[in-house]
Number of protein chains: 2
Amino acid sequence: MTDLALHLDGNGPLYEQIRRAIALKITRRQWRPGDRIPFESELCAALNTSRMTVNKALQSLADDGLIVRRRKAGSFVATQQSVQAPLTIAKIEDEVAGEGKAYSYELITRTAMRAEGKLTVAGIFPRGTDVVHIRCRHLADGTPVLFEDRYISLKAVPVAGDEPFEATPPGSWLLEHVPWTEAEHAICAVSADPDLAGQLGVTVGAACLRIERRTWADDETVTFVNLTYPGHHRTLIGRFQPGQRGG
Amino acid sequence: MTDLALHLDGNGPLYEQIRRAIALKITRRQWRPGDRIPFESELCAALNTSRMTVNKALQSLADDGLIVRRRKAGSFVATQQSVQAPLTIAKIEDEVAGEGKAYSYELITRTAMRAEGKLTVAGIFPRGTDVVHIRCRHLADGTPVLFEDRYISLKAVPVAGDEPFEATPPGSWLLEHVPWTEAEHAICAVSADPDLAGQLGVTVGAACLRIERRTWADDETVTFVNLTYPGHHRTLIGRFQPGQRGG
DNA sequence: GTGATTATTATGTCTATACATAATATCTCG
DNA sequence: CGAGATATTATGTATAGACATAATAATCAC
């Protein structure tokens with residue numbers, strides 16, 4: 001088990017103090033992975049607080065994966081101590097604007113087609129689904145910062161068939177017009193082929209960062225997109241503090 | 001404002017139902033960014049529940065960035081609708097083991113040195129800080145899957161000076177021996193230089209995925225590490241559901 | 001009108017209590 | 001001893017009430 005001398009620092013709400021105190025015990029390895037931490041009732045007694053307050057602190061620790069809770073058994077320091085970082089992918093317009101640069105958008109091609117070959121082999125869309133294929137790029141002060149290669153399901157989003165996407169980036173348009181319930185991301189590095197190199201203004205073979213995103217609405221794939229950034233230029237930053245909530 | 005016809009689906013705890021119902025309104029764009037959503041008191045009355053229950057639902061929505069709450073003013077649908085994905089960086093040992101492959105580790109070099117030049121220019125360590133520089137790689141079934149280039153501050157972790165790191169990967173060792181309070185990540189793509197290409201068994205110039213991580217303990221930098229994966233092989237996946245908690 | 005003061009109000013936090021639920025421990029009967 | 005029934009217990013959820021806090025709205029003095 002564990003000893004029970006928790007130090008509350010007096011800063012901020014009580015449940016945050018309790019959360020911090022326990023998180024500190026864990027990060028300082030005084031309470032080690034697998035250890036049972038004191039019961040809610042014990043913490044209540046020791047800290048002279050109500051159970052709801054202790055419960056709020058423990059729930060938030062469980063939400064962030066620092067502890068695991070089991071009815072009747074108690075709460076335990078999580079054994080798998082992976083590093084979690086909240087990866088925030090901002091809208092590219094906001095990102096460029098945030099850097100004080102002028103955002104612009106260029107549609108390259110827009111093609112109506114039917115899903116077959118790679119698109120179905122990868123299990124993205126059912127064979128025969130009508131889709132719109134869009135290739136476009138995003139620029140900051142005239143310099144390409146993002147190449148976008150996107151497929152939109154016309155089954156899930158019929159109105160996309162009437163949208164030219166000449167002035168409106170498909171990402172923003174989709175956010176405005178279609179609800180989504182789930183998204184999955186994969187990140188990888190790719191070498192620029194001649195086409196991509198031309199679109200992004202980098203040398204052929206240059207390393208680029210790619211985010212693949214697949215978005216669903218109610219079990220139906222809405223859109224599949226490859227977002228490719230020049231590798232040297234673009235970085236994604238996350239920050240994580242185990243003893244603190246949020247980003 | 002917004003209408004107030006929330007549909008509770010009857011599945012699971014009440015606060016989750018309320019959370020889901022509101023998240024649905026937002027993702028379906030019936031309540032739009034900037035809209036004020038009903039006050040806690042209004043929701044209580046409409047749903048015939050207690051304020052604490054409604055409060056729990058709204059707090060959790062605020063935690064996940066779907067709404068913003070302001071005292072006296074009310075709660076509002078968040079205007080900046082960025083996509084958040086929980087990026088989980090597992091310990092490489094666990095990752096390899098999880099794929100059913102045999103994990104192994106190789107120390108390449110271990111050098112004691114003093115921080116200067118690039119290390120201080122980047123503001124990582126104060127000039128003159130004693131550090132240990134470790135280069136090593138991680139293999140799955142004998143194939144390199146990760147090259148690690150790490151600096152550990154001897155000021156923050158004096159015992160690292162006595163650790164050879166010949167059998168123990170520095171990442172695991174640090175997790176075991178040093179508490180940390182904050183970490184920052186950056187992700188980018190790099191081209192493999194001849195050295196890196198040799199270590200990872202890829203061709204020179206191949207695109208690789210790099211995670212830079214800087215870790216602090218109480219405002220002092222503990223370690224700075226570049227983790228480089230073969231770009232084609234390694235992907236990081238996050239999943240996110242706006243209407244649901246957790247990852 | 002304008003600035004300072006006061007009132008109002010929605011959220012933020014905390015308490016005490018109650019019952020539900022799931023997992024464990026104990027008991028009972030064959 | 002062992003399988004099944006029963007009791008126990010820590011967490012999970014929900015309630016009602018109280019006061020704190022911060023931001024807005026209203027009021028008052030000048």
Side-chain angles (χ1 to χ4, degrees), chain A residues 1-2 4 6 8-22 26 31 34-79 244-246, chain B residues 1-2 4 6 8-22 26 31 34-79 244-246:
Chain A
M1 223 273 280
T2 54
L4 211 144
L6 281 185
L8 304 186
D9 56 20
N11 296 126
L14 195 49
Y15 72 90
E16 280 184 11
Q17 295 181 43
I18 297 173
R19 195 203 134 94
R20 256 198 309 279
I22 294 174
I26 295 173
W31 294 353
D35 284 358
R36 211 205 78 217
I37 74 174
F39 295 131
E40 290 187 353
S41 54
E42 297 174 310
L43 290 168
C44 291
L47 302 172
N48 196 34
T49 59
S50 83
R51 209 194 120 209
M52 285 301 289
T53 301
V54 168
N55 184 274
K56 189 167 183 177
L58 292 185
Q59 293 246 14
S60 109
L61 287 165
D63 283 345
D64 290 350
L66 269 79
I67 67 172
V68 172
R69 316 199 72 195
R70 273 172 35 223
R71 275 170 154 133
K72 168 79 181 176
S75 303
F76 302 82
V77 178
T79 49
Q244 202 168 309
R245 290 220 70 165
Chain B
M1 223 272 281
T2 56
L4 210 145
L6 281 185
L8 303 186
D9 57 20
N11 295 126
L14 195 49
Y15 71 91
E16 281 184 10
Q17 294 181 45
I18 297 173
R19 194 202 134 94
R20 256 197 309 279
I22 295 174
I26 295 174
W31 295 352
D35 285 358
R36 211 206 79 216
I37 74 175
F39 296 131
E40 290 187 355
S41 54
E42 296 174 309
L43 290 169
C44 291
L47 302 172
N48 196 33
T49 59
S50 80
R51 210 194 117 209
M52 284 300 289
T53 302
V54 168
N55 184 273
K56 190 167 182 176
L58 293 185
Q59 292 246 14
S60 110
L61 287 166
D63 283 346
D64 291 350
L66 270 79
I67 67 172
V68 172
R69 316 198 72 196
R70 272 171 36 222
R71 273 171 157 134
K72 167 80 182 176
S75 303
F76 302 81
V77 178
T79 50
Q244 203 166 309
R245 290 220 68 165

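Residue numbering restarts at 1 for every chain, and letters A, B, ... go by the order of the sequence lines.
Using a 4.0 Å heavy-atom criterion, one finds that L58(A) contacts no nucleic acid atom at all.
Across the protein-nucleic acid pair, I37(A) atom CD1 and dT11(D) atom P stand 8 Å apart, rounded to whole Å. Rounded to a whole Å, the NZ atom of K56(A) is 15 Å from the P atom of dG12(D). In this structure, I67(B) places its CD1 atom 15 Å from P of dA10(C), rounding to the nearest Å. Distance N55(B) CG to dG17(D) C1': 14 Å, rounded to the nearest Å. In this entry the distance linking CZ of F39(A) with C1' of dT8(D) reads 12 Å, nearest Å. In this structure, the CG atom of L61(A) is 12 Å from the P atom of dG12(D), given to the nearest Å. Distance R51(A) CZ to dT17(C) C1': 11 Å, rounded to the nearest Å. Across the protein-nucleic acid pair, E40(A) atom CD and dG12(D) atom P stand 7 Å apart, rounded to whole Å.
Nearest nucleotide to the side chain of L14(A), out of dC14(C), dG12(C), dA20(C): dC14(C). In this structure, the nucleotide among dT15(D), dT11(C), dG12(D) sitting nearest to the side chain of M52(A) is dT15(D).
The residue from R71(A), R51(A), K56(A) that alone fulfils the salt bridge (charged side-chain N to carboxylate O under 4.0 Å, His left out) condition with E40(A) is R51(A).
Taking side-chain N and O atoms only, R69(B) has a distance below 4.0 Å to OP1 or OP2 of dG12(C). In this structure, Y15(B) reaches the dT13(D) phosphate: one of its side-chain N or O atoms is under 4.0 Å from OP1 or OP2. Considering only side-chain N and O atoms, T53(A) lies under 4.0 angstrom from the phosphate OP1 or OP2 of dT15(C).
Looking at heavy atoms from C-beta onward, D64(B) lies in side-chain contact with R19(B) at the 4.5 angstrom threshold. Counting heavy atoms from C-beta on, the side chains of L58(B) and L43(B) come closer than 4.5 Å.
In the interface, the side chain of K72(A) is not paired with the base of dT21(C) through any donor and acceptor atom under 3.5 Å apart. Not a single donor-acceptor contact under 3.5 angstrom links the side-chain atoms of R70(B) to the base of dG12(C).
A side-chain donor-acceptor contact under 3.5 Å links E42(A) to the backbone of F39(A). With hydrogens and angles disregarded, a donor-acceptor distance shorter than 3.5 Å links the side chain of D9(B) to the backbone of N11(B).
Both S50(A) and S75(B) sit near DNA chain C, but only S75(B) has its closest nucleotide nearer the 5' end.
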